[in-house]
Amino acid sequence: MKIVYMGTPSFAVKPLEAMHEAGYDIELVVAKADRPKDRGKKMQSCEVKCCAERLGIPVETPEKIKGNEEFIQKIRDINPDLIVVAAYGKILPLDILEIPRLGCVNIHGSLLPKYRGAAPIQRAVINGEKETGVTLMYMGEGMDTGDMIAKAKTEVGEKTADELFVELCEIGSKLLLEYLPMIENGTAPREKQDDSQATLAPMVFKEDIDWTKSAHEIACLIRGTECRTLYKGEVMKVHFAKEGSGSGTAGTVISVTKKDVEVACGEGSLFLKNVQLPGKKAMDIDAFLLGNKIEVGTVLG
RNA sequence: CGCGGGGUGGAGCAGCUGGUAGCUUACCGGGCUCAUAACCCGGACGUCGUAGGUCCGAAUCCUACCCCCGCAA
């Protein structure tokens, strides 16, 4: 079975490695084009491209796919039996989807039909979902609307989106390997999505903490995406916080011990657990307190 | 050459207008206490990122390099 794999970020590395390790014939890897990234504005390859090069698999990084006849023809020439996609980051036109005889399957980081779109994992955390998971699915024309093959769940608990990313791509890889044989011989399940239950998971961005929101809401937001607030005129990132039941003026530090800083929210309070100042590394609050005096009454935001 | 912050005992910081290093915490020992994450006394732990240079003498000044991080993309 000839496979073409399409993916870009770290989430898509594991499945590629897993298939390669399992001995599948991956003819080509398609990843997003190199971009100048981070400080120094140097061109950097995405994780999947690096991985493919490491594994000795040819890589294509087309800027555009839609209307890119040269690229589409290249895929046709390879004549793959299956295309596997994981967080590729670009919409695949019908021209591509119709090429492989076994179709295109996608690994999506949510329990479809919930959280279709770009940031399913983060959105699930931000919305305070109790559980989330991975869905293996056939790709259709719409965004994450295709027929589902299988799902795997996991508890969200107090996990951050980052932690969930690691866990879910692990789960996704296993799910893929488990169903690949069935996909190959055409016996894989095929369940339609209930569109009436569908929700969207748009991209997430850095957020400034709004302390007037409830502690729970803020805690979920912090676990789901990069959050920051203003501390003594500096941008402080809050990487993790636990909910408390204190009260006071929203955004005000209401108690400080050697290992805790409690901030009042619109409803309830939050214990800052891991923070980061510009130029510094992220550190647990007790370490932070060793060299930084935070006083009760300090206002954040 | 995108902008900027930083590398000092295990951890977080100070010192940086030059004279071999300080604070908080952790750690070890002892004391107080019914007890303690509280308090008191004592102790160990540092080639101050690396390599050169200036100087009588550098963590502190100069040069190059390595590493970490924030912004912006």
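The chains referred to below are lettered A, B, ... by the order of the sequence lines, with proteins before strands, and numbering in each begins at 1.
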Whole-Å P distance, B:A59 and B:G52 = 14 Å
Given B:C3, is OP1 or OP2 found less than 4.0 Å from the side-chain N or O atoms of A:Arg39?
-> no
How close or far is atom P of B:C1 from atom CE of A:Met43, stated in whole angstroms?
-> 17 Å
Among the nucleotides B:C1, B:G70, B:A73, whichever has the atom closest to the side chain of A:Pro278 is B:G70
For B:C71, the Watson-Crick or wobble counterpart (both distances under 3.5 Å) | B:G2
With rounding to whole Å, what would you report as the distance between B:C56 and B:C66 at their C1' atoms?
-> 32 Å
Applying a 3.5 Å limit to both distances, which nucleotide forms a Watson-Crick or G-U wobble pair with B:G42?
-> B:C28
Which atom of A:Met203 lies closest to which atom of A:Ala119, heavy atoms considered | CA-CB, 4.0 Å
Return the value, rounded to whole Å, for the distance between atom CD of A:Gln276 and atom P of B:A11.
-> 17 Å
Tell me which nucleotide among B:A11, B:C68, B:C69 gets nearest to the side chain of A:Leu290.
-> B:A11
What interatomic distance, in whole Å, is found between P of B:C34 and the corresponding atom of B:C45?
-> 36 Å
Between P of B:U25 and NZ of A:Lys259, the distance in whole Å = 12 Å
Would you kindly give the NE2-to-P distance between A:His239 and B:C69, to the nearest whole Å?
-> 11 Å
C1' atom, B:G42 versus B:U47: distance in rounded Å?
-> 28 Å
Nearest heavy-atom approach of A:Leu112 to A:Met148 is O-SD, 3.5 Å
Within-4.5 Å side-chain heavy-atom neighbours: A:Asp195 and A:Pro113 | no
Between B:G43 and B:G49 - C1' atom distance, rounded Å = 29 Å
For the side-chain hydrogen bond (donor to acceptor under 3.5 Å, both in side chains) test, which of A:Gln276, A:Glu226, A:Arg223 pairs with A:His239?
-> A:Gln276
Is it true that A:Glu234 and A:Arg228 have a side-chain N and a carboxylate O under 4.0 angstrom from each other?
-> no
To the nearest Å, give me how far apart NZ (A:Lys232) and C1' (B:C13) are.
-> 13 Å
Taken to the nearest whole Å, CG/A:Asp286 to P/B:A26 is 10 Å
Who pairs with B:A21 - Watson-Crick or G-U, where each distance is under 3.5 Å | none
Return the value, rounded to whole Å, for the distance between atom CD1 of A:Ile285 and atom P of B:U24.
-> 20 Å
Would you classify A:Glu226 as touching base, sugar-phosphate or nothing, given that sugar-phosphate means primed atoms plus P, OP1 and OP2, and contacts are heavy atoms under 4.0 Å?
-> sugar-phosphate
Among the candidates B:G70, B:U24, B:A72, find the nucleotide nearest to the side-chain atoms of A:Arg228.
-> B:A72
What distance, rounded to whole Å, do you find between the two C1' atoms, one in B:C41 and one in B:G46?
-> 24 Å
Report the nucleotide, chosen from B:G70, B:G12, B:A73, that has the shortest atom-to-atom distance to any side-chain atom of A:Lys37.
-> B:A73
With both distances kept under 3.5 Å, what pairs with B:C61, Watson-Crick or G-U wobble?
-> B:G53
Without hydrogens or angle criteria, can the side chains of A:Thr187 and A:Asn185 be said to hold a donor-acceptor pair below 3.5 Å?
-> yes
Side chains of A:Leu272 and A:Val263: closer than 4.5 Å at any heavy-atom pair?
-> yes
Between B:A21 and B:A38, how far is it from one P atom to the other, in whole Å?
-> 30 Å
Select from A:Asn292 and A:Lys206 the residue whose nearest nucleotide in RNA chain B is closer to the 5' end of that strand.
-> A:Asn292
Within this structure, what is the NZ-to-P distance between A:Lys281 and B:G10, rounded to whole angstrom?
-> 14 Å
From B:C71, B:C69, B:C13, pick the nucleotide closest to the side chain of A:Lys280?
-> B:C13
Consider the side chain of A:Lys258, meaning its heavy atoms from C-beta on, and name the nucleotide among B:A73, B:C13, B:C39 that approaches it most closely.
-> B:C39
Take A:Ala287 and A:Gly40, find for each the nucleotide of RNA chain B with the closest heavy atom, and name the residue whose nucleotide sits nearer the 5' end.
-> A:Gly40
Given the P atoms of B:A72 and B:C67, what is the spacing between them in whole Å?
-> 24 Å
Have a look at A:Asp38 and say if it touches a base, only the backbone sugar-phosphate, or nothing, with a 4.0 Å heavy-atom cut-off.
-> base
Which nucleotide sits closest to the side chain of A:Lys41: B:C1, B:A11, B:C68?
-> B:C1
